[in-house]
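Inspection log for the structure reproduced underneath, given as structure tokens.
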Amino acid sequence: MCTHLLTDVEDRIVLLIDLDYFYAQCEEIRHPEFRGRPVAVCIYSGRTENSGAVSTANYEARRIGIRSGIPIIAARRMVTQDTVFLKADLDYYDAVSMRVMSLLRMFSQKMEQASVDEAYLELRGKSYEEAEEIARQIKELIRKSEGLTCSIGIGKNKLIAKMASGVNKPDGLTVVRPEEVDTFLLSKKPGDLYGVGKVTESKLSEMGIETIAQLRDAPLSRLQSVFGSSMGLWLYNASRGIDDSPVEERKREQYGRIVTLKENTRDRDTLIQEASRLVPEVISMVQEDRQQFRTLSFIGILEDLSIRTKNRTLNEPTDNAQDVYAVLPQLIDSFLSEHTALIRRIGIKVSNLSEKKGQKKLLDFS
DNA sequence: TTCATGACCTC
DNA sequence: CCTTGTGTCATGAA
């Protein structure tokens, strides 16, 4: 049963606004001299000179094979003379993002920021023509105020809006009206469904499902027995263009930070020292948001890149670093006793959040 | 409820 | 050969 059908699904229109090649576009704005040249924004791990990955590439860079996620060293082999490699400046991109998001809020009270460069807007009581006009205004406003281009998808739900936004990139605007959903989806492959990744796609392929039409032919019961009840139902619905998930601002449920170690190790003192450096960064984010947490996790990424975790849930919520420093060595010790491989990256994460009562509030009759 | 793992996301 | 970083959701076991 659907739990959130308080709304008339028929009359909503969803827009997905996606800022194009966001990090790289931000860099083009403060460095206009880079426009027209391949730009790769990178996250350096600090292991060796060129270790790390490309975070975002502009279209010129993509044209020569430099894409998100590839190792910097691999990208270096593809360069043309005018290619630019930049270190990601996340604070700067965050600041730009926040300004854009506040612009978007002017167009609807119902908004969901999906990531640093994406947001859903829900419109009600509007035609698709009117929605398209609003999308044009949004594009113009973002271009005028920040100099950024974006791609917008419009559809009857988040799934369709998101997939529509990908059709005309960059600087695109794509409307998929309800009567066009079937044609639109049938022109796609299962792997194009937002939420179907490599693993699911190849599992489907093994089942002989290579098209959306074939996915529709699969009985719900079969999908659920293979993919689990939730994912199975989701696939069943998504292949039909059905997605009831609401557009709503969601609260953060965890705060974490991960780093790559200078070299693979399982030396206890090194791990404690490196993990401890992350504590203040995570704690300050938590405190800024006036949150408390009960669960602390130590994350280790082993040399084979597999991810392992150790958690501890406290009896009482806390927001202070001392409690973390007290538990961290225990988590690390049990981690080391359970895993024998060398560790490549480590992180910490806090979750099980609750709001900390603000002292400013003198009266609370809730 | 807690813990551990895995899939997915996208820059 | 090389593979950053952050967060959400789901599942299965204890």
Side-chain angles (χ1 to χ4, degrees), chain A residues 16 18-27 39-48 50-58 61-62 66-77 86-90 93-94 96-97 112-118 162 165-166 169 191 193-203 224 227-235 245 250-261 278 281-282 285 294-315 331 334-335 338-339 344-353:
Chain A
L16 185 274
D18 182 326
L19 300 168
D20 297 320
Y21 59 100
F22 182 52
Y23 294 176
Q25 210 191 343
C26 286
E27 295 294 349
V39 175
V41 177
C42 304
I43 293 176
Y44 291 89
S45 67
R47 260 202 167 199
T48 65
N50 277 321
S51 62
V54 174
S55 180
T56 315
N58 69 357
R62 291 178 202 191
I66 299 176
R67 288 163 206 289
S68 295
I70 70 169
I72 294 166
I73 212 116
R76 288 260 175 215
R77 293 188 211 113
L86 300 172
K87 178 178 179 314
D89 179 355
L90 299 175
Y93 313 140
D94 267 343
V96 175
S97 168
E112 176 179 335
Q113 182 172 348
S115 68
V116 69
D117 70 327
E118 278 188 3
K162 170 71 185 171
S165 77
K169 275 187 176 184
L193 294 171
Y194 184 71
V196 174
K198 269 188 164 145
V199 176
T200 307
E201 185 178 24
S202 59
K203 225 193 249 184
Q224 288 187 307
F227 295 98
S229 61
S230 174
M231 182 65 167
L233 178 60
W234 183 85
L235 283 168
S245 59
R250 279 177 300 182
K251 280 191 244 165
R252 229 220 284 197
E253 308 218 345
Q254 57 182 234
Y255 297 80
R257 186 115 169 68
I258 294 179
V259 290
T260 299
L261 301 170
L278 306 178
E281 306 190 43
V282 172
M285 290 192 284
R294 279 185 61 215
T295 304
L296 172 68
S297 308
F298 172 79
I299 302 155
I301 291 137
L302 307 179
E303 49 189 342
D304 66 356
L305 295 183
S306 66
I307 301 168
R308 297 289 179 269
T309 58
K310 286 310 281 184
N311 308 320
R312 170 82 51 90
T313 299
L314 309 171
N315 291 324
L331 291 177
S334 69
F335 188 100
E338 278 175 44
H339 306 290
R344 179 185 176 93
R345 303 165 62 199
I346 59 165
I348 63 171
K349 176 180 86 177
V350 300
S351 56
N352 224 325
L353 303 175

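All values reported here derive from a predicted model rather than from experimental measurement. Chain letters run A, B, ... following the sequence lines, proteins first, then strands; residues in each count from 1.
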Describe the nucleic acid contact of [X] in one word from base, sugar-phosphate, nothing, applying a heavy-atom distance below 4.0 Å.
{"X": "A:Arg76", "answer": "nothing"}
{"X": "A:Ser51", "answer": "sugar-phosphate"}
{"X": "A:Gln254", "answer": "base"}

Find the distance [X]:[atom1] to [N]:[atom2] and express it as a whole number of Å.
{"X": "A:Tyr255", "N": "C:dT8", "atom1": "OH", "atom2": "C1'", "result": "14 Å"}
{"X": "A:Leu314", "N": "B:dT2", "atom1": "CG", "atom2": "C1'", "result": "13 Å"}
{"X": "A:Leu331", "N": "B:dC3", "atom1": "CG", "atom2": "C1'", "result": "12 Å"}
{"X": "A:Phe298", "N": "B:dT5", "atom1": "CZ", "atom2": "C1'", "result": "16 Å"}
{"X": "A:Glu338", "N": "B:dA4", "atom1": "CD", "atom2": "C1'", "result": "9 Å"}
{"X": "A:Ile70", "N": "C:dC1", "atom1": "CD1", "atom2": "P", "result": "18 Å"}
{"X": "A:Asn50", "N": "C:dC1", "atom1": "CG", "atom2": "C1'", "result": "14 Å"}
{"X": "A:Gln113", "N": "C:dT8", "atom1": "CD", "atom2": "P", "result": "12 Å"}

Whichever of A:Ile72 and A:Gly256 has its nearest DNA chain C nucleotide further upstream toward 5':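 Whichever sits nearer the 5' end wins; that is A:Ile72.
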Nearest heavy atom decides the nucleotide; on that basis, is A:Gly228 or A:Val259 closer to the 5' end of DNA chain C?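 Comparing both residues, the 5'-ward one is A:Val259.
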Say you pick atom C1' in C:dT4 and the same atom in B:dC9; how far apart are they, in whole Å?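 The same atom, C1', in both gives a distance of 14 Å.
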Rounding to the closest angstrom, what is the interatomic distance between C:dT3 and B:dT10 at atom P?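 Straight-line distance between the two P atoms is 23 Å.
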I'd like to check the side-chain contact (heavy atoms from CB on, under 4.5 Å) partners of A:Gln224; sequence neighbours left out, ordered by chain and number.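 With neighbours one apart ignored, the set is A:Leu220, A:Ser229, A:Leu233.
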On the nucleotide [N], are OP1 or OP2 found under 4.0 Å from the side-chain N or O atoms that [X] carries?
{"X": "A:Arg77", "N": "C:dC2", "value": "no"}
{"X": "A:Ser229", "N": "C:dA10", "value": "no"}
{"X": "A:Arg250", "N": "C:dC9", "value": "yes"}
{"X": "A:Arg257", "N": "C:dT6", "value": "yes"}
{"X": "A:Arg47", "N": "C:dT3", "value": "no"}
{"X": "A:Thr313", "N": "B:dT1", "value": "no"}
{"X": "A:Arg345", "N": "C:dT4", "value": "yes"}

Applying side-chain contact (heavy atoms from CB on, under 4.5 Å) between A:Tyr93 and each of A:Val41, A:Asp117, A:Thr56, report the one that passes.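 Exactly one option meets the side-chain contact (heavy atoms from CB on, under 4.5 Å) with A:Tyr93, and it is A:Val41.
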So, applying side-chain contact (heavy atoms from CB on, under 4.5 Å) with A:Tyr23, which one of A:Val54, A:Leu86, A:Val116, A:Asp89 is it?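 Between A:Tyr23 and the candidates, side-chain contact (heavy atoms from CB on, under 4.5 Å) is satisfied uniquely by A:Val116.
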Do A:Thr309 and A:Ser297 have side-chain atoms, one donor and one acceptor, less than 3.5 Å apart?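 Per modelled atom types, A:Thr309 and A:Ser297 side chains form no pair under 3.5 Å.
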Between A:Thr313 and A:Thr295, do the side chains contain a donor N or O and an acceptor N or O under 3.5 Å apart?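 There is such a pair between these side chains.
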Protein proximity profile, nucleotides 6-11 of chain B - base contact B, sugar-phosphate-only contact S, no contact -, cut-off 4.0 Å on heavy atoms: SSSSSB
Give the ring-plane orientation class for A:Phe298 versus A:Phe335, where under 30° counts as parallel, over 60° as perpendicular and anything between as tilted.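 Because their plane-to-plane angle is over 60°, the rings of A:Phe298 and A:Phe335 count as perpendicular.
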Minimal non-hydrogen separation, A:Ile301 against A:Ile307, with atom names: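 Nearest pair, atom of A:Ile301 first, then A:Ile307: CG1-CG1, 3.8 Å.
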Is the shortest side-chain heavy-atom distance between A:Asp18 and A:Lys169 below 4.5 Å?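 Yes, at least one pair of side-chain atoms sits under 4.5 Å.
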